[in-house]
Amino acid sequence: AWIRAEARARKARISPAEESLLAAASGGDLWAIVNELEKISSGWSLVASRGRDEKIWDFTDAFLQNRRRSFRNLSILLAAGYDTVHVIASLAGALRTFGTVWWHQQQGRRTVPGVAPFVIGKLSPLAARVKAEGIRQAFHTALHADLDVKTGKAPGALALIRRVLR
């Protein structure tokens, strides 16, 4: 009901399905909901964006499981025209979340503040198998791909492809 009222106040047209999607995606963060409603009132599509995000998360999930095997997902993103910097930033965010879940798991904690329970459930089995060195190497991959792109050491997607396949 709160989302519906906020949408009306912002003159954002939102369906009941989009209300549910927004509530689930925000994790109860009211500030995030307000920001999303502002975008919707400007013509942005929550449903279309969600589909694009799914492809990014397919890549980051695959990267966390097996870096080299994630190349197929990466090639799908690049062929669809995703911005390399955005893909790298998404990977860094996924690694940060994974590292946070891993650290909390090492401390014997089952919950992680700010991380949705389904994400913890998805990452926990992998976190149980990974050593700190593996996380460090994954961050190293993302960092150096980002540096290569932003300093011009390698053109666009080539920096990320090279780091994923290395």
Side-chain angles (χ1 to χ4, degrees), residues 1-67 69-104 109-127 138-139 141-143 145-146 149-150 155-161 163-164:
W2 184 86
I3 291 174
R4 198 170 311 117
E6 286 295 314
R8 269 193 304 261
R10 287 170 171 63
K11 296 182 174 96
R13 292 185 180 186
I14 185 168
S15 70
E18 288 174 316
E19 288 175 15
S20 297
L21 184 60
L22 186 56
S26 70
D29 182 345
L30 300 180
W31 184 257
I33 292 171
V34 168
N35 286 333
E36 297 304 310
L37 288 172
E38 288 292 333
K39 288 192 258 181
I40 291 168
S41 69
S42 298
W44 176 75
S45 170
L46 179 63
V47 174
S49 173
R50 193 78 175 145
R52 288 185 58 87
D53 288 347
E54 299 281 327
K55 290 179 184 174
I56 290 268
W57 305 136
D58 288 345
F59 164 65
T60 59
D61 289 349
F63 183 91
L64 291 172
Q65 293 290 329
N66 184 311
R67 183 175 44 114
R69 288 190 188 151
S70 71
F71 176 73
R72 181 175 187 274
N73 299 90
L74 175 60
S75 65
I76 290 169
L77 293 176
L78 297 175
Y82 283 72
D83 178 59
T84 305
V85 173
H86 178 68
V87 174
I88 294 169
S90 298
L91 177 60
L95 287 169
R96 184 175 45 253
T97 300
F98 178 73
T100 302
V101 169
W102 178 87
W103 186 84
H104 277 78
R109 299 181 186 139
R110 293 182 183 213
T111 60
V112 180
V115 179
F118 82 91
V119 174
I120 296 169
K122 179 175 72 169
L123 296 177
S124 288
L126 179 61
F139 271 108
T141 297
L143 170 69
D146 192 46
V149 168
K150 291 178 178 173
L158 182 59
L160 184 55
I161 291 168
R163 296 291 175 172
V164 166

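- Shortest non-hydrogen contact noted between Phe63 and Ala138 is CE2-CB, 4.0 Å.
- Closest approach of Ile88 to Ala142, counting heavy atoms only: CG2-O, 3.7 Å.
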### Task
Please test Thr84 against Leu158 for side-chain contact (heavy atoms from CB on, under 4.5 Å), starting from the C-alpha separation and ending with a verdict.
CA-CA 9 Å; Thr84 305; Leu158 182 59; over 6 Å; no

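- Residue Trp2 places its CH2 atom among more than 12 non-hydrogen atoms of other residues, nucleotides or ligands, all under 6.0 Å distant.
- Separating the CD atom in Gln65 from the OG1 atom in Thr60 is a distance of 10.5 Å, to the nearest 0.5 Å.
- Checking side-chain atoms of Ser41 against main-chain N and O of Glu38 turns up a donor-acceptor pair under 3.5 Å.
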#### Entry: Worked verdict on His104 versus Thr111 for side-chain contact (heavy atoms from CB on, under 4.5 Å)
CA-CA 8 Å; His104 277 78; Thr111 60; over 6 Å; no

### Task
Determine, stepwise, if the pair Asp58 / Ile76 fulfils side-chain contact (heavy atoms from CB on, under 4.5 Å).
CA-CA 10 Å; Asp58 288 345; Ile76 290 169; over 6 Å; no

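- Side-chain atoms of Arg110 do not come within 3.5 Å of backbone N or O of Ile120 as any donor-acceptor pair.
- Smallest separation of non-hydrogen atoms from Val87 and Ile56: CG2-CD1, 4.1 Å.
- Taking OG1 of Thr141 as the reference point, atom CG of Leu95 lies at 8.5 Å (rounded to 0.5 Å).
- Minimum heavy-atom separation, Ser70 to Val164: OG-CG1, 3.5 Å.
- Between Lys150 and Val85, some side-chain heavy-atom pair lies under the 4.5 Å cut-off.
- Across Val34 and Glu6, no two heavy atoms sit closer than the pair CG2-OE1, 4.2 Å.
- Heavy-atom minimum distance, Val149 versus Ala159: CG2-CB, 3.6 Å.
- Atom CZ of Arg109 sits in a crowded spot, with more than 12 heavy atoms from other residues, nucleotides or ligands closer than 6.0 Å.
- If you take CG on Leu160 and CZ on Phe59, they are separated by 5.0 Å, rounding to the nearest 0.5 Å.
- Rounded to the nearest 0.5 Å, atoms CZ (Phe98) and OG (Ser124) are 9.0 Å apart.
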